[in-house]
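Working notes, beginning with the structure itself.
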Number of protein chains: 2
Amino acid sequence: MRVSLKDVAAHAGVSIKTVSNVVNNYQHVTPAMRERVQRSIDVLGYRPNLAARHLRKGRTGIIALALPELGNPYFAELAAAVIDAAAEHDYIVLLDHTGGRREQELLVSQGFRARVIDGLILSPIELETDDLRDRAENVPLVLLGEREYDLPYDHIAIDNVAAARAAVRHLTGLGRREVAFIGARRGRSEPAQLRVRGWREELSAAGLPADDGLVAATDGWGHADGAAAMTRILETGRRPDAVFAYNDPMAIGAMRVLHERGLRVPEDIAVVGFDDVVEGRFGAVTLTSVSPDKEAIGRLAVESVLARLGGQAPEPRRVRADHRLVGRESTLGRGAADDGAADDGANV
Amino acid sequence: MRVSLKDVAAHAGVSIKTVSNVVNNYQHVTPAMRERVQRSIDVLGYRPNLAARHLRKGRTGIIALALPELGNPYFAELAAAVIDAAAEHDYIVLLDHTGGRREQELLVSQGFRARVIDGLILSPIELETDDLRDRAENVPLVLLGEREYDLPYDHIAIDNVAAARAAVRHLTGLGRREVAFIGARRGRSEPAQLRVRGWREELSAAGLPADDGLVAATDGWGHADGAAAMTRILETGRRPDAVFAYNDPMAIGAMRVLHERGLRVPEDIAVVGFDDVVEGRFGAVTLTSVSPDKEAIGRLAVESVLARLGGQAPEPRRVRADHRLVGRESTLGRGAADDGAADDGANV
DNA sequence: AGCCGGATATATAACGTTGCAAAACCGGCC
DNA sequence: GGCCGGTTTTGCAACGTTATATATCCGGCT
């Protein structure tokens with residue numbers, strides 16, 4: 001069976017507590033004793049039982065990360081960033097995905113899915129303010145992403161409005177006059193709201209009409225949803241000269257439809273995505289995209305959760321991570337320098 | 001503070017064990033009693049403490065899943081499958097990524113990264129047989145992926161040789177005579193070995209030479225690696241009429257290079273990938289790919305781990321998940337039916 | 001009425017760890 | 001030699017749960 005403190009103590013001929021002291025680097029242990037105990041630990045291959053430690057101390061060393069979907073490479077890359085950041089603090093990440101469904105998000109936020117965690121990082125899609133309000137759970141919660149809540153939780157995100165404006169400004173700066181938006185969320189009002197707002201604001205600022213006929217709502221945020229939305233817009237007979245998509249997969253789905261219909265990107269229609277996923281750099285037409293600093297988001301999220309751990313409750317804060325616009329062929333055409341920042345104003 | 005069994009017992013005026021019995025759906029509890037206790041549970045908002053339960057039962061309800069990298073959509077999708085399969089059994093998944101580095105894989109396999117787990121599902125890249133041999137750890141281990149080990153652990157994978165042969169057969173069946181392989185692993189011998197073997201075998205079977213000059217080794221398995229490998233092949237002056245890539249991102253990276261050089265896919269060079277990630281269905285040229293049954297792999301992995309949980313040690317087994325070849329434009333050209341199985345012989 | 005046996009409820013002892021308080025030790029000082 | 005103060009080690013209780021064994025209940029049977 002597994003070896004416990006008791007076994008080590010017996011082997012070394014000392015008390016359990018002394019072994020515990022050695023394991024925990026307690027200050028007042030003579031070097032001789034430390035060595036003797038350590039030897040027994042090594043011989044027996046002792047490893048602390050985390051469940052017992054947790055029961056005693058009330059900490060698990062685990063934080064949960066709940067994301068809408070891992071299939072979206074943005075979230076996968078974000079997950080990697082969180083895992084790495086957590087590892088720096090000797091924390092382990094329990095990953096969950098909600099499918100962006102309110103029901104699942106609710107379960108997660110109330111701690112039903114994972115009940116062994118010290119803290120929770122959640123990227124909500126459908127969750128409403130009220131859903132979070134009566135959250136009896138007392139594990140620290142940090143929110144990620146575009147949704148804004150008027151609640152006392154930390155929130156980490158880029159400045160979505162500014163990022164969306166930078167994307168649209170990039171398009172108008174290239175002379176585009178009719179910019180469609182793909183990916184407003186169907187049914188629910190909130191999500192994508194900020195990016196739609198940025199789109200609207202920037203068009204107004206440029207003296208262009210923000211035409212609702214150019215906003216396509218979707219059910220999801222995958223390639224197929226982007227393709228369907230693009231198709232829908234084209235079938236109304238409209239021919240925008242630019243498309244700004246809620247995220248890269250949708251932009252790529254839209255580009256596929258344009259390609260099928262013989263419309264050239266960017267000559268006929270320029271396309272900008274959001275998230276800067278790797279995939280966008282290797283298509284036949286590489287994709288201009290807003291690039292959030294995922295690494296920073298992951299790091300900030302972990303730090304925020306851990307800061308609230310000791311039961312301390314620092315003032316809830318809203319943190320803005322950096323972003324920048326990366327211009328590629330889908331707006332600049334063949335020969336565009338990959339990875340060049342396209343717009344000075346994009347950084348925040 | 002948190003409410004425990006004791007509090008509920010006091011509130012309901014019964015013993016702790018009775019409450020425990022209700023919580024655990026113990027058979028012999030009168031409906032009246034059950035209701036009474038349940039009411040107290042609801043009133044007080046009792047929720048079992050998993051650490052205590054774990055300490056007592058020796059189970060955590062957590063399994064770890066260690067993958068090379070989440071950025072690769074195949075692994076992200078696989079992770080989603082595992083999480084879902086685990087949820088069916090009331091298990092939670094702790095996700096780790098190793099970067100495909102031996103050192104990290106070693107740490108994971110020996111349980112240093114996560115010590116609260118009941119079982120481990122590991123997809124190794126660099127780990128050698130000997131690394132796993134002296135694994136003192138006694139948590140059940142299930143291996144995933146292409147590497148084969150002669151060790152008493154369950155191993156879940158598709159038939160990589162057969163799958164690779166099906167891919168190559170598809171190409172030769174279309175009249176291609178010079179099929180390059182992209183993605184043999186540089187430096188280490190093992191990984192990709194099976195797919196290379198399938199490539200070699202099928203070419204021989206077709207009476208074609210398996211020319212080592214057409215095998216490109218790479219350091220990683222991302223888009224950029226595929227692009228670099230493709231570039232290298234072309235720069236030797238060779239003009240294969242088909243490319244079989246180790247995975248979809250590499251195939252897509254290769255296609256980007258072909259596109260840049262003005263080579264048409266599939267007219268000049270046909271391309272087949274591996275893993276059937278969503279991304280492959282939305283490029284300017286959709287990608288023919290070997291499609292492993294990820295859902296089955298996830299499910300089988302979870303079931304295998306859980307089967308070994310009670311300390312029972314069923315005979316280690318090697319499980320073959322299904323796969324099929326999905327033909328798309330990168331081999332069949334414009335107008336290819338998406339999602340059609342291209343080759344009857346592909347299923348196993 | 002007394003007894004029996006199954007169904008129901010309870011008391012108690014673990015699981016492995018750490019915090020607290022007390023005990024043992026030790027060198028120096030009166 | 002006894003005492004003091006600090007250092008080092010120890011014993012014990014507690015964290016919240018479940019397994020085991022035991023006590024209690026109750027209807028039916030002799």
Side-chain angles (χ1 to χ4, degrees), chain A residues 1-41 44-62 111 115-118 138-139 310-311, chain B residues 1-41 44-62 90 111 115-118 138-139 309-311:
Chain A
M1 262 314 289
R2 242 191 112 111
V3 23
S4 74
L5 281 184
K6 189 155 71 170
D7 304 320
V8 178
H11 184 269
V14 298
S15 80
I16 291 180
K17 190 66 223 291
T18 299
V19 181
S20 169
N21 285 340
V22 171
V23 170
N24 292 284
N25 277 314
Y26 179 65
Q27 209 175 358
H28 299 300
V29 180
T30 53
M33 176 61 90
R34 190 179 297 278
E35 163 135 7
R36 172 164 143 222
V37 171
Q38 188 59 52
R39 202 182 306 277
S40 294
I41 288 177
L44 299 179
Y46 167 77
R47 297 258 290 287
N49 177 324
L50 290 206
R53 187 176 278 179
H54 171 212
L55 176 58
R56 189 63 242 253
K57 312 224 300 185
R59 294 267 183 90
T60 60
I62 302 180
R115 293 173 295 191
V116 250
I117 58 172
D118 291 346
N138 50 4
V139 315
Chain B
M1 261 314 288
R2 245 192 108 111
V3 23
S4 74
L5 280 185
K6 189 154 71 171
D7 305 319
V8 178
H11 184 270
V14 298
S15 80
I16 291 181
K17 188 66 224 289
T18 299
V19 181
S20 170
N21 286 340
V22 171
V23 170
N24 292 285
N25 278 314
Y26 180 64
Q27 208 176 358
H28 300 299
V29 181
T30 53
M33 177 61 92
R34 190 179 297 277
E35 163 136 5
R36 173 163 143 223
V37 171
Q38 187 60 51
R39 202 182 305 277
S40 293
I41 289 177
L44 298 180
Y46 167 77
R47 298 256 293 287
N49 177 323
L50 290 207
R53 188 175 278 179
H54 171 210
L55 176 58
R56 188 62 244 248
K57 310 224 299 188
R59 297 266 182 90
T60 60
I62 302 179
D90 284 321
R115 291 174 297 190
V116 249
I117 58 173
D118 291 347
N138 48 4
V139 315
L309 229 91

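- Remark on DNA chain C: of its neighbouring residues B:Thr18 and B:Ala52, the 5'-side contact belongs to B:Thr18, judged by nearest-heavy-atom nucleotide.
- End-to-end axis angle of the helix from C:dA1-D:dT30 to C:dC30-D:dG1, using five pairs per end and rounding to 10°, comes to 80°.
- A:Arg39 is linked by a side chain to side chain donor-acceptor pair (under 3.5 Å) to A:Glu35, counting only residues two or more places apart in sequence or in another chain.
- For the side-chain contact (heavy atoms from CB on, under 4.5 Å) test, no residue two or more places apart in sequence or in another chain qualifies with A:Arg56.
- Of all non-hydrogen atoms in B:His54 and A:Ala51, the two that sit nearest each other are ND1-CB, 2.6 Å.
- Of the residues in residues 25-40 of chain B, none lies under 4.0 Å from DNA chain D by heavy-atom distance.
- The stretch residues 15-38 of chain A participates, sequence neighbours left out, in these ring pair (Phe, Tyr, Trp, His ring centres under 6.0 Å) pairs: A:Tyr26-A:His28.
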Assess whether side-chain contact (heavy atoms from CB on, under 4.5 Å) is satisfied between A:Tyr46 and A:Val19, documenting all intermediate values.
-> CA-CA 11 Å; A:Tyr46 167 77; A:Val19 181; 5.5 Å; no
Report all interatomic pairs (protein N or O, nucleotide N or O of nucleotides 24-26 of chain C) with separations under 3.5 Å.
none

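- In this structure B:Ser15 satisfies the side chain to side chain donor-acceptor pair (under 3.5 Å) test together with B:Thr18, sequence neighbours excluded.
- Remark: B:Lys57 engages B:Arg53 in a side-chain contact (heavy atoms from CB on, under 4.5 Å) (not counting sequence neighbours).
- Between the CG atom of A:Asp7 and the P atom of C:dG16 there is a distance of 8 Å, given to the nearest Å.
- Qualifying side-chain contact (heavy atoms from CB on, under 4.5 Å) partners for B:Asp118, counting only residues two or more places apart in sequence or in other chains: B:Arg59, B:Thr60, B:Tyr91, B:Leu309.
- In this structure, NZ of B:Lys6 is placed 10 Å from P of D:dT17, rounded to the nearest angstrom.
- Listed by chain and residue number, A:Val22, A:Asn25, A:Val29 satisfy the side-chain contact (heavy atoms from CB on, under 4.5 Å) test with A:Arg34 (two or more places apart in sequence, or in another chain).
- The side chain of B:Ser4 contributes no N or O atom lying less than 4.0 Å from OP1 or OP2 of D:dG16.
- B:Ser40 and B:His11 get closest at one heavy-atom pair: OG-ND1, 2.7 Å.
- Pairs passing the salt bridge (charged side-chain N to carboxylate O under 4.0 Å, His left out) check and including a residue from residues 3-20 of chain B, sequence neighbours excluded, do not occur.
- Atom pair A:Asn49:CG and D:dC15:P shows a separation of 18 Å (rounding to whole Å applied).
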Between the protein and nucleotides 18-22 of chain D, list the N/O to N/O atom pairs that are separated by less than 3.5 angstrom.
residue, atom, partner, partner atom, Å
D:dT18, OP1, B:Asn24, OD1, 3.2
D:dT18, OP1, B:Asn24, ND2, 3.4
D:dT18, OP1, B:Arg53, NE, 2.9
D:dT18, OP1, B:Arg53, NH2, 3.4
D:dT18, OP2, B:Ser20, OG, 2.9
D:dT18, OP2, B:Asn24, ND2, 3.2
D:dT18, O2, B:Arg56, NH1, 2.3

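- Counting all heavy atoms, side chain and backbone alike, A:Ser20 lies closest to A:Leu5 at CB-CD1, 3.9 Å.
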